[in-house]
*Asks:* 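There's a structure below that I have some questions on.
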Amino acid sequence: MIKALTERQNMRDAYQQVVRNKGAGGVDHMKVDDLLSHLTDTWAITKSFLEEGKYTPQPIKGVEIPKSNGKTRLLGIPTVQDRLIQQAMCQVLNPIFEAEFQTHSYGFRPNKSAHQAVIQALANINDGYQDIVDIDLKSFFDEVDHALLLELIHAKVKCPQFLLLLKRYLRAPIQINGKLIRRRKGVPQGGPLSPLLSNILLNELDKELEKRGHRYVRYADDFSIYLKSKKAAKRTGNSIFLFLKHKLKLPINKEKSGIRRPHNVSYAQKWCSGGRS
DNA sequence: TTTGCAGCGAC
RNA sequence: GUUGUCGCUGCAAA
């Protein structure tokens, strides 16, 4: 596994992906081949550190940005080198877990869009599932349980070096105005791996919902379950609340969660107007 | 058919 | 200062 990670082609792809984004956050505009040859020695060192489990990620930079609702969100931005390594990790993990993911999860996945999620939501309503349980996970990214996540990945990936590296990325301290702060839970919002990790954890929720035969739609941490009566919706909502709290150790924002009817499907309206339809 | 640039949206 | 994944649109070039 760690070998696949450090393969030259995988690193090349990871580099291109990192550089493709925006101003490339501190990467100078070297050509890929230049960089790779320039990295021959630097990268060899990094590579051996990765393979021997000696690599320690640098702290992530904490940046507060304003959200649309007036509050702020804390980003955790890894260094360019760590973004590159995480991207490479993402590329080897993605195909493994993509095979596991359920069809009604739409966030952060290749060939899946918010628009498709809306179509599915409307289809559920059209089929008579008109009582909708809407659950809002409280600052989901910041609450992810490390042990649980590592356990889920261990089930599919046995390579100890890879798991150690991943653990170190999860535990990397965050630096806010020069102060280093330890992190005991959560995935940094800003790391290339984070969206995939969030799906890996919430895939357990998907599997539970599938097992119970529910109609549902999930887009990242935002999801709804579609039932045929208010009573069933209430019961399911409570049950899933307990599942999330105990099995996945995720707190729920009770004020923003609840049961509603299709005419105020807020997110569908948002997606319809924004994402067209 | 494909690639490069720019922008928009979701979380 | 501002990161990330995914999706879409537009333009340009062969």
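Proteins come first, then strands; the chains are lettered A, B, ... in the order of their sequence lines, and each starts at number 1.
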*Asks:* For residues 141-166 of chain A, which residue pairs qualify under salt bridge (Lys or Arg N to Asp or Glu O under 4.0 Å), counting only residues two or more places apart or in two chains?
*Replies:*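 Residue pairs passing salt bridge (Lys or Arg N to Asp or Glu O under 4.0 Å), neighbours aside: A/Glu100-A/Lys156, A/Glu143-A/Lys185.
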*Asks:* So if I take residues 104-113 of chain A and measure heavy-atom distances to RNA chain C, which residues fall below 4.0 Å?
*Replies:* A/Phe108, A/Arg109, A/Pro110, A/Asn111, A/Lys112, A/Ser113
*Asks:* What is the distance, rounded to the nearest whole Å, between atom CD1 of A/Ile174 and atom P of C/U2?
*Replies:*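 After rounding, the reported distance stands at 12 Å.
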*Asks:* Figure out the CZ/C1' separation between A/Phe141 and B/dA10, and round it to whole Å.
*Replies:* 12 Å
*Asks:* Distance check needed: C/G4 P versus A/Arg73 CZ, whole Å only.
*Replies:*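 Answer to the nearest Å: 14 Å.
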*Asks:* Among all residues two or more places apart in sequence or in another chain, which pass the ring pair (Phe, Tyr, Trp, His ring centres under 6.0 Å) test with A/His104?
*Replies:* A/Tyr216
*Asks:* For A/Pro78, which residues count as a side-chain contact (heavy atoms from CB on, under 4.5 Å) partner, sequence neighbours excluded?
*Replies:*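 By the side-chain contact (heavy atoms from CB on, under 4.5 Å) rule, A/Pro78 matches A/Ile60, A/Asp82, A/Arg83, A/Gln86.
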*Asks:* Determine the interatomic distance between C1' on B/dA6 and the same-named atom on C/G1; round to the nearest Å.
*Replies:*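 One C1' to the other, the span is 22 Å.
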*Asks:* How would you list, by chain and number, every residue that makes a side-chain contact (heavy atoms from CB on, under 4.5 Å) with A/Asn10, sequence neighbours excluded?
*Replies:* A/Leu5, A/Glu7, A/Ala88, A/Gln91, A/Val92
*Asks:* From the options C/U5, B/dC11, C/U2, select the nucleotide whose nearest atom is closest to the side chain of A/Gln87.
*Replies:*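 Closest of the options to the side chain of A/Gln87: C/U5.
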*Asks:* So what is the 5' to 3' dot-bracket string for RNA chain C, if pairs are Watson-Crick or G-U wobble with both distances under 3.5 Å, crossing pairs use [ ] and | means the partner sits on another strand?
*Replies:* ...|||||||||||
*Asks:* Given C/U3, C/U2, B/dA10, which nucleotide is nearest the side-chain atoms of A/Arg83?
*Replies:*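 Looking only at heavy atoms from C-beta outward on A/Arg83, the closest nucleotide is C/U3.
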*Asks:* Check the distance between C/U5's P and A/Ile77's CD1 and give it to me in whole angstrom.
*Replies:* 13 Å
*Asks:* Under a 3.5 Å distance rule, please check whether A/Ser194 uses its side chain to pair with a backbone N or O of A/Gln189 as donor and acceptor.
*Replies:* no
*Asks:* What residue among A/Val133, A/Ile240, A/Asp134, A/Val217 forms side-chain contact (heavy atoms from CB on, under 4.5 Å) with A/Phe223?
*Replies:* A/Ile240
*Asks:* Holding to side chain to side chain donor-acceptor pair (under 3.5 Å), I want the full list of residues that pass it with A/Thr72, two or more places apart in sequence or in another chain.
*Replies:*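 By the side chain to side chain donor-acceptor pair (under 3.5 Å) rule, A/Thr72 matches A/Glu64.
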*Asks:* Quick one: A/Phe140 CZ to B/dC11 P, roughly how many Å, whole number?
*Replies:*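 Going from A/Phe140 (CZ) to B/dC11 (P), I get 15 Å.
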*Asks:* Name every residue in residues 179-191 of chain A that has at least one heavy atom under 4.0 Å from any atom of RNA chain C, in order of residue number, or write none if there are no such residues.
*Replies:*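 Correct list: A/Gln189, A/Gly190, A/Gly191.
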*Asks:* Can you run down the salt bridge (Lys or Arg N to Asp or Glu O under 4.0 Å) pairs that involve residues 102-116 of chain A, sequence neighbours left out, and say none if there aren't any?
*Replies:*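 Non-adjacent pairs meeting salt bridge (Lys or Arg N to Asp or Glu O under 4.0 Å): A/Glu98-A/Arg109.
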*Asks:* Quick one: side-chain contact (heavy atoms from CB on, under 4.5 Å) partners of A/Pro195, sequence neighbours excluded?
*Replies:* A/Phe108
*Asks:* Without decimals, in angstroms, what is the distance between A/Gln116 CD and B/dA10 P?
*Replies:*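 Rounding to the nearest Å, CD of A/Gln116 and P of B/dA10 are 17 Å apart.
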*Asks:* Scan residues 204-215 of chain A for pairs that pass salt bridge (Lys or Arg N to Asp or Glu O under 4.0 Å), counting only residues two or more places apart or in two chains.
*Replies:* A/Asp127-A/Arg215, A/Glu204-A/Lys207, A/Asp206-A/Arg218, A/Glu208-A/Lys211, A/Glu208-A/Arg212
*Asks:* Taking CD1 from A/Ile200 and P from C/C6, how many angstroms apart are they, rounded to a whole number?
*Replies:*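 Atom CD1 in A/Ile200 sits about 14 Å away from atom P in C/C6.
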*Asks:* Just how far, in rounded Å, is P of C/G4 from NZ of A/Lys61?
*Replies:*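 The answer, rounded to whole Å, is 11 Å.
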*Asks:* Per the salt bridge (Lys or Arg N to Asp or Glu O under 4.0 Å) rule, what does the pair list look like for residues 160-179 of chain A, sequence neighbours excluded?
*Replies:* none
